[in-house]
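Just follow the structure's listing: the first ligand is 1, and inside any ligand the first atom is 1. Sequence positions, counted from 1, serve as the residue numbers for this chain.
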Amino acid sequence: MSLLDIRVLGDSILRVETTPVVAITDELRQLARDMFETMHAAKGIGLAAPQVGRRERLAVVDVGDNPLVIINPEVMHAEGKAKAEEGCLSIPDIYGDVERPTIVRVRAVDLDERPFEIAADELFARCLQHEIDHLHGKLFIDYLSVLKRRAAQAKWLKEKDKYPGFLRRLTPGEVAAHHHRDEEL
Ligand code: K1U
Ligand code: ZN
């Protein structure tokens with residue numbers, strides 16, 4: 001398994017509309033495994049293919065020990081509305097309150113090419129919507145008010161030099177903590 005570099009704000013791939021997956025290959029299965037490893041090492045609860053430089057419509061989520069690969073996901077139903085703080089592995093150290101539906105039903109395909117539907121609420125619903133947004137080139141900062149978006153952009157201007165080439169290479173500390181956790185399990 002490999003840890004992947006994470007693309008950060010400013011990389012144009014984060015703004016692409018992804019391409020639906022038509023065939024699930026062993027290479028795609030390996031990509032999903034590498035994305036889980038990268039997401040866990042970065043302490044995230046989700047990761048979408050464009051965040052690791054890929055254009056396939058695929059994301060992984062893991063909220064509370066429920067790892068899930070979603071391929072070609074679609075929101076079939078959404079209800080309720082709540083504001084809560086979000087972060088993004090592609091915009092490190094920037095946070096903002098985003099209003100989203102609280103309950104969603106998502107249809108997707110799994111790595112065995114089986115279609116499935118999943119109902120989600122609370123953080124799980126929020127994470128699914130955040131990842132599906134990534135697959136359509138949308139980021140959580142797009143939902144912020146003009147004022148809050150400007151403040152987030154100003155903060156990002158100071159942060160972005162830490163990521164030459166718009167690449168977030170996980171630090172040796174993050175990687176070591178991840179391996180240490182693996183050894184404990
Ligand atoms: O796609 C990503 O960038 C991952 C992102 C997903 C996400 C976070 C918060 C709300 C919705 C979706 C992250 O995992 S950022 C890490 C983070 O902020 C977080 C981690 C654990 C619980 C809650 C937030
Ligand atoms: Zn994100």
Q: Identify the heavy atoms of Ala48 and Ala59 that sit nearest to each other, and give their distance.
A: CA-CB, 3.8 Å
Q: Can you tell me which residue among His77, Glu117, Glu79 is in a side-chain hydrogen bond (donor to acceptor under 3.5 Å, both in side chains) with Arg105?
A: Glu117
Q: Near Arg15 CZ, under 6.0 Å, is it more than 12 heavy atoms from other residues, nucleotides or ligands?
A: yes
Q: Taking the Zn ion (ligand 2) as the vertex, measure the angle between atom SG in Cys88 and atom NE2 in His130; round to 10°.
A: 120°
Q: Hydrogens and angles aside, do Gln129 and Arg126 bring a side-chain donor and acceptor to less than 3.5 Å of each other?
A: no
Q: State plainly whether the residues Lys43 and Glu174 are in salt-bridge range, i.e. N to O under 4.0 Å.
A: no
Q: Does CZ in Arg29 sit with more than 12 non-hydrogen atoms of other residues, nucleotides or ligands closer than 6.0 Å?
A: yes
Q: What atom name does the N, O or S atom of His134 nearest to the Zn ion (ligand 2) carry?
A: NE2
Q: So what's ligand 1 close to, N/O to N/O, under 3.5 Å?
A:
residue  : atom   : partner : partner atom : Å
ligand 1 : 1 (O)  : Gln51   : OE1          : 3.2
ligand 1 : 1 (O)  : His130  : NE2          : 3.3
ligand 1 : 1 (O)  : Glu131  : OE1          : 3.1
ligand 1 : 1 (O)  : Glu131  : OE2          : 2.6
ligand 1 : 1 (O)  : His134  : NE2          : 3.4
ligand 1 : 3 (O)  : Gln51   : NE2          : 3.0
ligand 1 : 3 (O)  : Leu89   : N            : 2.8
ligand 1 : 3 (O)  : His130  : NE2          : 3.4
ligand 1 : 14 (O) : Ile45   : N            : 2.8

Q: Give the ring-plane orientation class for His134 versus His130, where under 30° counts as parallel, over 60° as perpendicular and anything between as tilted.
A: perpendicular
